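Structure first, commentary second.
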Amino acid sequence: MPKDNSPNDLPQDGGTETDLFQLYADDPDKADDIVFGRVAHGDRRGFLKGAGLATMGALIGAAIPFHRNMPAGFIPEALAATPLKIDGKDGLTILNDRPVNAETPAHLLDDDVTPTARHFIRNNGLLPDDMSPDNWTLTIDGFVDTPLKLSIADLKAKFPTVTRKIWLECGGNGRAFFDPKAKGNQWSLGAVGCAEWTGVRLIDVLKAAGVKKEAIYTAHFGADTHLSGKEGKLPISRGVPIAKAMDENNMIAWAMNGEAIHPMNGAPLRLIIPGWPGSVSHKWFNRMELRDVVHDGPKMTGDAYRLPPHPVAPGEKVDKKKMVFIEAMPVKSLITFPETGVKLPKGERSVQVRGHAWVGEGKVSSVEVSIDFGATWIKTNLADPANPFAWQRFTQTVNLPQEGYYEIWARAVDDKGRSQPFAVAWNPKGYCNNAMHRVSVYAS
Ligand SMILES: Nc1nc2c(c(=O)[nH]1)N[C@H]1C(S)=C(S)[C@@H](COP(=O)(O)O)O[C@H]1N2
Ligand SMILES: [Mo]
């Protein structure tokens, strides 16, 4: 471990903030040492000292009078606001660096198929050391007739290949808008994306293994490691009821947008279980166990990925034991054009509004937009999904009557008549925020 905290430890090429992120990506411990000063790993009190403090001050451009109050492992907002530099990712907003969590600004999600560079990243642990596809194996075991151990070449050879556009949304997307605040990643709007995935159907593989009568639940395992570094400790291991596992839309994927899966998105193999919180779509996927009990891995117990059984008042205490698993994600829409805050050229009164809508089961049947704070609503043109669980494009041109400040609101309705609320339905963990998206527009 380097003990010298001099700012010279920072890469010399450029010396900008983003170099720090590069260093964090390459060698988080060293980056921590540089930024926070040398304190025993795992026993960091967040005290910045000497050159570490000087370095951070230099990066921010000002001294930090209250630096003693800063929590361990903390990246100041001033740095967090700069784009994260990860190879093959572009324009994402960093929320955390260890584990890496990054979301996509709404206006960068305009494509029908989200480019890999713009697909969000939600990691609970650290990337596996070895992500090479050649010696990767996937084990299917537990309550099956014949346990399987398959290479990626086996998957390709033994089962039909399918390619599908599938949106994934983190269960906590929109958490930043909860009041009182909910603990966890403060996602705003962009922990969602719709990439094109190629792989095999999970159901084909499960049938090949033979699902036993006793199997009622899946358990998902991957090769990422726990932040603590403890051997055998899993960052996350979720599962779904067997009926959901047998949905023919689920995939075991080795390609994302026609290329190898990005390392941050689960290379070389990942599970895709559409419609449910992103957390069930296991990355760096190497084992599925079929169980005769509800899976109890990390992020399955307590109040993880659970909602109160009935609406509660903001801040209300809810008995954890009464909370219920999130299954299908609620109906939602995102305005991807115009970008919020846009100033129209002088005299321009017409605005093309576009975005996407999605729902965790069934289909979105309409999307409406409003330019008058919800007093009246205008139907949009809504496309069918390219395939089940692809998000649906909406477009409409709206005319602003005169100069001034406007908000464009969007709300989607699904085929069961369910719509989006104006304000977030508060819950203790800040999940499933499907409040209407609003963008501001200035006409001059
Ligand atoms: N192995 C593993 N799989 C994982 C995770 C993880 O931390 N480790 N995060 C989950 C969560 S919470 C989400 S929202 C999605 C995010 O997928 P993405 O990073 O490709 O966008 O991956 C899921 N699969
Ligand atoms: Mo998530």
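Ligands are counted one by one from 1 in listed order, and the atoms in each one are counted from 1 as well. Just so it is clear, the values below take in all heavy atoms, side chains as well, and ignore hydrogens, waters and symmetry mates. Everything numeric in this text was worked out from a predicted model, so none of it was measured.
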When you compare the side chains of Ser237 and His295, does any donor N or O come within less than 3.5 Å of an acceptor on the partner? yes
Are Ser151 and Thr137 close enough that a side-chain donor and a side-chain acceptor fall under 3.5 Å? no
Check for me whether Arg306 meets the cation-pi criterion with Phe325, that is, NZ or CZ under 6.0 Å from the six-membered ring centre and within 45 degrees of the ring axis. yes
Residue shell for ligand 1, any heavy atom closer than 4.0 Å, reads His119, Phe120, Ile121, Arg122, Asn123, Asn124, Cys170, Asp224, Ile236, Met264, Asn265, Arg270, Gly278, Ser279, Ser281, His282, Lys283, Trp284, Tyr305
What I want to check is whether the side chains of Glu407 and Trp409 have a donor and an acceptor closer together than 3.5 Å. yes
Glu103/Ser188 under side chain to side chain donor-acceptor pair (under 3.5 Å): CA gap, chis, key distance, verdict: CA-CA 8 Å; Glu103 67 172 321; Ser188 65; 3.1 Å; yes
Are Lys283 and Asn124 linked by a side-chain donor-acceptor pair shorter than 3.5 Å? no
